[in-house]
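For ligands, and for the atoms within them, numbers begin at 1 and follow the listed sequence.
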Amino acid sequence: MKNGVMLQYFEWNMPNTGELWKELKRDAAHLHDIGVTSVWIPPAYKAHEQQDEGYGTYDLYDLGEFDQKGTVRTKYGTKQELHEMIEELHKYQICVYLDAVMNHKAGADYTEKFMAREVCPEQREEAKTEPYEIEGWTGFDFPGRGERYSAFKWHWYHFSGVDYDVSRKKEGIFQIVGEGKAWSEGVDGENGNYDFLMCADIDFDHPDVIQEMKNWGIWVARELNLDGMRLDAIKHINDLFVKNFLEAVRADQGDQFYAVGEYWKNDKETLDEYLSHVEYKIDLFDVPLHYNFYQASQEGEKFDMRELLKDTLVKAHPALAVTFVDNHDSQKNSSLESQVKDWFKPLAYGLILLQKEGYPCVFYGDYYGVKGVASPHHKIIDILLEVRCKYAYGEQQDYFNHPSTVGFVRMGDEKHPEAGLALLLSNGKDGEKTMNVGKKRQGEIWYEVTGNRSEKITIDAEGNGTFPVSGGKLAVWVKCEENL
Ligand code: CA
């Protein structure tokens with residue numbers, strides 16, 4: 001995936017107008033022009049209410065086609081519009097990855113009575129009560145869809161827990177009790193066992209559920225002609241299921257079917273362990289790198305820039321890391337709020353878009369904006385995407401050797417001998433760094449493409465350039481075009 005770029009094409013506060021699929025279709029040619037090679041689209045199936053972002057999944061088989069939950073379309077549009085958008089992106093060789101929300105279901109059609117015990121939120125293996133009968137939202141029969149595409153109907157025994165007892169109007173974490181019922185193994189260890197996240201938690205140890213979810217994966221990949229998936233909330237799902245699910249979908253779609261998992265934990269060891277459990281068959285978002293960006297942006301010049309890549313996935317597993325700055329969950333007022341401050345975003349995007357390793361993912365909120373307010377980072381992301389296309393080739397030499405000014409060079413390669421670049425990031429005062437771009441480049445004149453610096457730099461006989469960077473900014477140096 002040479003110089004691929006993923007774009008997350010939504011943010012948390014998109015208006016509920018049903019226009020997103022149409023907007024994305026209209027944008028296809030432009031995305032191709034700026035070098036986007038794949039788009040991560042939001043959950044495209046019916047949620048418990050129309051305005052839901054899609055993570056409150058009701059019916060995975062209703063892609064905006066049936067009159068359910070008071071609406072045919074989803075927040076983002078109809079199935080027909082979804083099809084047309086994907087077809088248009090494919091015309092421009094842009095891959096489409098669907099957000100697959102498999103951990104839970106919401107908005108059941110009716111309640112059922114079953115035995116459950118309430119557990120401690122901080123220690124889910126610890127019961128607060130003996131088992132007793134509760135009434136939970138676990139009956140799904142999809143009256144608007146009937147048995148089209150799948151005849152599977154969901155009942156309480158297909159779930160492992162719920163968040164509400166209707167009969168007592170009581171919120172809590174209710175673990176469903178019965179033969180073979182337990183929280184899954186192969187989930188995150190936080191809170192004792194982090195199987196349960198929200199709503200009605202799907203039981204991935206139930207054989208009928210496992211089969212139904214594999215069937216869905218194969219169906220939706222075929223139905224939408226998908227190129228891959230982003231798997232939501234995988235730290236709450238049995239890792240063995242995730243591995244088997246991807247094997248089943250790839251057996252049908254081919255091994256190139258792409259997958260990236262959202263394992264939201266700022267801990268490289270946990271991500272390492274997870275990757276080994278799924279036999280390295282999935283990419284993961286580089287959550288530790290995001291938190292390094294977040295911390296650096298918070299601490300300003302006190303942050304030691306030599307640590308910027310410390311304990312990140314992209315260092316440990318460069319081929320499996322999807323690098324990103326922010327997303328819909330980390331943005332302001334979201335569930336995992338940890339938004340990187342604006343001053344640091346150009347630096348963070350410079351790093352992920354120009355470094356050799358990692359599959360960078362640009363966030364809609366950073367490129368287009370949030371709540372309809374234009375992003376201040378649109379222009380710099382455009383510049384960096386263009387630099388990525390034209391210059392970000394060849395080996396990388398790191399210069400993470402100063403607490404406030406760090407950088408790297410890319411050397412160009414046989415196919416792109418005139419390419420290559422020098423990136424510098426400063427979180428303190430104005431600085432400069434002598435970096436070697438290769439003896440072959442001697443005598444070349446280099447300039448700074450973001451507009452932060454206006455001087456020209458001559459590469460010396462050894463291939464060294466002494467490149468300046470302004471305080472709190474990034475600088476991206478490349479060979480002057482007129483010399484090409
Ligand atoms: Ca779960």
Side-chain angles (χ1 to χ4, degrees), residues 43 45 47-48 52-60 99-108 112 114 116-127 134 136-140 152 154-165 171-178 180-214 216-217 229-246 248 259-265 270-271 273-274 277-278 282 284-285 287 329 335-336:
Y45 25 80
H48 68 102
D52 188 88
E53 286 70 23
Y55 295 95
T57 302
Y58 164 68
D59 184 2
L60 289 165
D99 200 321
V101 182
M102 297 196 281
N103 178 65
H104 50 266
K105 293 180 90 63
E112 295 177 314
F114 48 85
R117 56 184 192 148
E118 205 183 341
V119 301
C120 301
E122 298 80 27
Q123 181 42 263
R124 278 89 182 279
E125 298 288 11
E126 212 169 280
I134 72 161
W137 287 103
T138 51
F140 292 77
F152 195 89
W154 294 78
H155 294 289
W156 65 268
Y157 43 82
H158 297 127
F159 298 97
S160 55
V162 293
D163 59 359
Y164 192 64
D165 174 8
E171 288 177 17
I173 299 175
F174 299 92
Q175 182 180 21
I176 297 171
V177 173
K181 283 284 167 197
W183 298 128
S184 266
E185 292 179 8
V187 297
D188 193 68
E190 206 175 317
N191 301 318
N193 174 302
Y194 217 170
D195 188 354
F196 186 87
L197 173 64
M198 60 197 280
C199 306
D201 188 76
I202 290 179
D203 181 358
F204 282 100
D205 297 317
H206 193 296
D208 296 346
V209 168
I210 293 170
Q211 192 54 52
E212 169 63 4
M213 295 305 275
K214 284 184 190 171
W216 173 73
M229 289 183 185
R230 177 257 187 197
L231 304 185
D232 181 60
I234 54 171
K235 77 178 192 184
H236 309 285
I237 297 176
N238 190 337
D239 52 21
L240 188 60
F241 167 77
V242 171
K243 179 176 161 288
N244 292 338
F245 173 82
L246 287 174
V260 55
E262 180 226 10
Y263 199 111
W264 195 269
K265 195 151 196 165
T270 304
L271 302 184
E273 204 175 314
Y274 187 82
H277 290 172
V278 297
I282 189 171
L284 293 178
F285 287 104
V287 175
D329 278 330
S335 55
L336 307 165

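- Residue side and main chain included, N238 places no N/O/S atom under 3.0 Å of the Ca ion (ligand 1).
- The backbone N or O of S184 lies less than 3.5 Å from a partner atom in the side chain of D195, making a donor-acceptor pair.
- Put simply, the angle at the Ca ion (ligand 1) from OD2 in D201 to OD1 in D195 is close to 70°, to the nearest 10°.
- The shortest side-chain heavy-atom distance between E262 and D232 falls under the 4.5 Å cut-off.
- Among the atoms of H236, an N, O or S atom falls under 3.0 Å from the Ca ion (ligand 1).
- The shortest side-chain heavy-atom distance between V260 and F285 falls under the 4.5 Å cut-off.
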Counting only pairs under 3.5 Å, give me each side-chain donor-acceptor contact of residues 101-108, with atom names and distances, residues two or more places apart or in other chains.
residue : atom : partner : partner atom : Å
N103    : ND2  : D201    : OD1          : 3.3
H104    : NE2  : Y55     : O            : 2.7
K105    : NZ   : Y58     : O            : 3.1

